[in-house]
Amino acid sequence: QVQLVESGGGLVQPGGSLRLSCAASGSDFSLYAMGWYRQAPGKQRELVAAVTSSGSTNYADSVKGRSTISRDNAKNTVNLQMNSLKPEDTAVYYCNLRHVLLPTRSYWGQGTQVTVSS
């Protein structure tokens, strides 16, 4: 049974930092891309950052330069370090794992709230 456990969300001040973590279990995820999405009220869910099993990364333009995604294949974890947080970063952040060859084989975390406010 596949399970994704997210942690690290919370309330932070503008300019602050958060480290989101997602731990996957129940399968071998070596052929999965791992990523973080976010969804704010009234908006579409959008990709924040993703990393392939080979280590290639991509970021949304809005977070480039202040976010870093990383994965530990041995531990089946993916992390998102976010710095210089802005109020517009406020959203529910979701961890996603997607098979690179069979993209319909996809798993989502339950989401963790990130609120950036003074």
Is any side-chain heavy atom of Tyr37 closer than 4.5 Å to one of Glu46?
no
Out of curiosity, does Phe29 fall in the hydrophobic cluster containing Leu20 (side-chain heavy atoms, cut-off under 4.5 Å, transitive links)?
yes
Distance, nearest 0.5 Å, that separates OG of Ser17 from CE of Met82:
9.5 Å
Assess whether side-chain hydrogen bond (donor to acceptor under 3.5 Å, both in side chains) is satisfied between Asp72 and Thr77, documenting all intermediate values.
CA-CA 5 Å; Asp72 186 330; Thr77 60; 4.9 Å; no
Among Cys22, Ser70, Ser7, the one residue meeting side chain to side chain contact (heavy atoms under 4.5 Å, CB included) with Asn79:
Ser70
Taking the six-membered ring of Trp108, is NZ or CZ of Arg98 closer than 6.0 Å to its centre and within 45° of its axis?
no
Any side-chain heavy atom of Ser118 within less than 4.5 Å of one from Pro14?
yes
Counting C-beta onward and ignoring hydrogens, is there a side-chain heavy-atom pair between Arg19 and Leu80 closer than 4.5 Å?
no
Assign the ring pair Tyr32 / Tyr107 to parallel, tilted or perpendicular, where the plane angle (0 to 90°) is split at 30° and 60°.
tilted
Check whether any side-chain heavy atom of Gln1 sits under 4.5 Å from a side-chain heavy atom of Ser25, and report yes or no.
no
Got more than 12 heavy atoms from elsewhere within 6.0 Å of CD, Glu88?
yes
Of all the heavy-atom pairs spanning Leu97 and Cys95, show the shortest one and how long it is.
CD1-SG, 3.7 Å
Do we see a donor-acceptor contact under 3.5 Å between the side chains of Gln113 and Thr115?
yes
Quick check on the hydrophobic clustering: are Val2 and Val100 connected, directly or via other members, by side-chain heavy-atom contacts under 4.5 Å?
no
Any side-chain heavy-atom pair of Thr90 and Val114 under 4.5 Å
no
For the residue pair Thr112 and Val92, establish whether any side-chain heavy-atom pair is separated by less than 4.5 Å.
no
Out of curiosity, Ser117 OG to Gln13 CD, how far, rounded to the nearest 0.5 Å?
7.5 Å
Check step by step if side-chain hydrogen bond (donor to acceptor under 3.5 Å, both in side chains) holds for Ser106 and Asn96.
CA-CA 7 Å; Ser106 180; Asn96 173 257; 2.9 Å; yes
Rounded to the nearest 0.5 Å, how far does NE2 of His99 lie from CZ of Arg105?
5.0 Å
Rounded to the nearest 0.5 Å, how far apart are CD of Glu6 and OH of Tyr94?
9.0 Å
Distance col, row Leu31:CG vs Leu102:CG, nearest 0.5 angstrom, shows 9.0 Å
Heavy-atom nearest pair, Ala91 first then Ala40, reads CB-N, 3.9 Å
Is Asp89 salt-bridged to Lys86, going by a charged N under 4.0 Å from an acidic O?
no
Given side chains that start at C-beta, do those of Val48 and Tyr59 come closer than 4.5 Å, heavy atoms only?
no
Is the shortest heavy-atom distance from the side chain of Ser62 to the side chain of Arg38 under 4.5 Å?
yes
